[in-house]
Amino acid sequence: MPLVRIDLVKGRSDTQVRAVADAVHAAVVEVLAVPERDRFQIVTEHEAGRVIALDAGLGFERSEDIVMIQIFTQSGRSTDVKRQLYAAVTASLARVGVAGEDVFIGYVENTPADWSFGFGRAQYIEGDLGIPAAAAPSR
């Protein structure tokens, strides 16, 4: 159950914003093997100059079309799976016109105890939801 935050600079049409969200979700579903309807995304648009993402020493520049993505999900996935996810998100976004240098991803892991889906309850811990295989304790 990933929670995905997507931050954009204002200027895209509603159709383009939805295409970005859909592209990110398609990659998450493909690589992390989550159900299609397991979709929790927050898309925020910011005024120009309110999203700052400099070079980080890699030798390339980003444009105002930057898409900053934070993926919050339960721990347990391998480094290889994370690398596959980054590549899949970038490829999926390329299909809707986002350049590779304009894709920034932060991956944040947590545990089943860190989620509540409503009613002030911890559904994973209380047994209402099965703990995803990626986060299940190893035996």
Side-chain angles (χ1 to χ4, degrees):
M1 197 301 307
L3 167 62
V4 179
R5 294 189 56 96
I6 302 169
D7 290 275
L8 311 165
V9 175
K10 285 183 180 178
R12 290 176 169 90
S13 70
D14 289 345
T15 301
Q16 291 169 321
V17 169
R18 183 58 188 241
V20 165
D22 290 347
V24 172
H25 184 64
V28 167
V29 167
E30 173 192 337
V31 176
L32 300 186
V34 300
E36 180 70 32
R37 289 189 47 84
D38 197 351
R39 185 172 185 170
F40 298 90
Q41 294 178 309
I42 302 165
V43 180
T44 306
E45 294 181 277
H46 304 273
E47 296 295 332
R50 301 290 188 206
V51 176
I52 301 167
L54 301 180
D55 177 343
L58 296 172
F60 61 87
E61 297 295 322
R62 294 180 173 89
S63 77
E64 286 292 313
D65 291 331
I66 189 162
V67 177
M68 295 190 89
I69 303 160
Q70 292 177 299
I71 301 170
F72 300 87
T73 191
Q74 294 188 30
S75 62
R77 293 183 175 93
S78 69
T79 299
D80 187 52
V81 167
K82 293 173 192 176
R83 292 175 71 186
Q84 289 174 34
L85 178 62
Y86 306 151
V89 167
T90 302
S92 191
L93 286 170
R95 290 190 283 278
V96 297
V98 179
E101 64 270 17
D102 285 331
V103 179
F104 181 98
I105 303 169
Y107 189 95
V108 182
E109 293 182 326
N110 52 49
T111 70
D114 298 318
W115 297 92
S116 172
F117 294 88
F119 305 101
R121 299 185 55 234
Q123 286 87 353
Y124 285 132
I125 301 307
E126 295 173 19
D128 297 328
L129 289 173
I131 296 173
S138 51
R139 299 186 195 275

With distance as the sole test, does Q16 use its side chain to make a donor-acceptor pair with the main-chain N or O of S13 at under 3.5 Å? yes

Residue pair W115 / F72: nearest heavy atoms and the distance that separates them: CH2-O, 3.6 Å

With side chain to side chain contact (heavy atoms under 4.5 Å, CB included) as the criterion, how do V28 and V34 come out once you've worked through the C-alpha distance, each side chain's angles and the decisive distance to 0.1 Å? CA-CA 7 Å; V28 167; V34 300; 4.0 Å; yes

Worked check of side chain to side chain contact (heavy atoms under 4.5 Å, CB included) between R39 and D22: CA-CA 10 Å; R39 185 172 185 170; D22 290 347; 2.7 Å; yes

Can you name the nearest heavy-atom pair linking A23 to V96, along with the distance? CB-CG2, 4.2 Å

Nearest-0.5 Å distance that lies between atom CG in D114 and atom CG in L3: 12.0 Å

Same cluster or not: are V29 and I105 linked, directly or through other Ile, Leu, Val, Met, Phe, Trp or Tyr residues, by side-chain heavy atoms under 4.5 angstrom apart? yes

Look at the side chain of R83 and the backbone N and O of S78, then say whether any donor-acceptor pair between them is shorter than 3.5 Å. no

Between atom CD of Q84 and atom OG1 of T79, what is the distance when rounded to the nearest 0.5 Å? 11.0 Å

To the closest 0.5 Å, what do you measure between CD1 (I71) and CD (E109)? 11.0 Å

Under a 4.0 Å threshold between the charged nitrogen and the carboxylate oxygen, would R121 count as salt-bridged to E126? yes

Side-chain donor or acceptor of D102 paired with backbone N/O of R62 under 3.5 Å: no

Chi angles and distances behind the side chain to side chain contact (heavy atoms under 4.5 Å, CB included) call for V98, D65: CA-CA 7 Å; V98 179; D65 291 331; 5.8 Å; no

Any donor-acceptor pair under 3.5 Å linking the side chain of Q74 with the backbone of N110? no

Find out if a path of hydrophobic residues (ILVMFWY) with successive side-chain heavy-atom gaps under 4.5 Å connects V89 to V51. no

Side-chain donor/acceptor of H25 to backbone N/O of R37, under 3.5 Å: no

Could you pull out the closest heavy-atom pair between A27 and L85, with the gap in Å? O-CD1, 3.9 Å

Under 3.5 Å, is there a donor-acceptor pair between the side chain of Q70 and the main chain of V4? no

L32, V108: one ILVMFWY side-chain cluster at the under-4.5 Å cut-off? no

What's the spacing between D7 CG and I42 CD1 if we round to 0.5 Å? 9.5 Å

Would a distance-only check, ignoring hydrogens and angles, find a side-chain to backbone donor-acceptor pair under 3.5 Å from Q123 to G118? yes

M68 and L93: same hydrophobic cluster, using ILVMFWY side-chain contacts below 4.5 Å? no

Got a second to check how far Y107's OH is from S75's OG, nearest 0.5 Å? 8.5 Å

Go through it in stages, so that I can follow the logic: the residues are K10 and H46, the test is side chain to side chain contact (heavy atoms under 4.5 Å, CB included), and I'd like the CA-CA distance, side-chain angles, deciding distance and then a yes or no. CA-CA 5 Å; K10 285 183 180 178; H46 304 273; 5.9 Å; no

From CZ (F119) to CG (D128), nearest 0.5 Å: 10.5 Å

So which heavy atom on R12 is nearest to which on I66, and how close? NH1-O, 4.1 Å

Is the backbone N or O of A88 less than 3.5 Å from a side-chain atom of S92, with the two atoms forming a donor-acceptor pair by type? no

So which heavy atom on R77 is nearest to which on K82, and how close? O-CE, 3.4 Å

D14 atom CG: more than 12 heavy-atom contacts under 6.0 Å: no

Should the heavy atoms of other residues, nucleotides or ligands under 6.0 Å from CZ of F104 be counted, would the total exceed 12? no

Does V103 share a hydrophobic cluster with I6, counting links as ILVMFWY side-chain heavy atoms below 4.5 Å and allowing steps through other members? yes

Residue among I69, T44, V43 satisfying side chain to side chain contact (heavy atoms under 4.5 Å, CB included) with R5: T44

Quick check: closest heavy atoms across E45 and V17, and the distance to 0.1 Å? OE2-CG2, 3.7 Å

Surrounding CZ of F60 (heavy atoms of other residues, nucleotides or ligands, distance under 6.0 Å), is the total greater than 12? yes

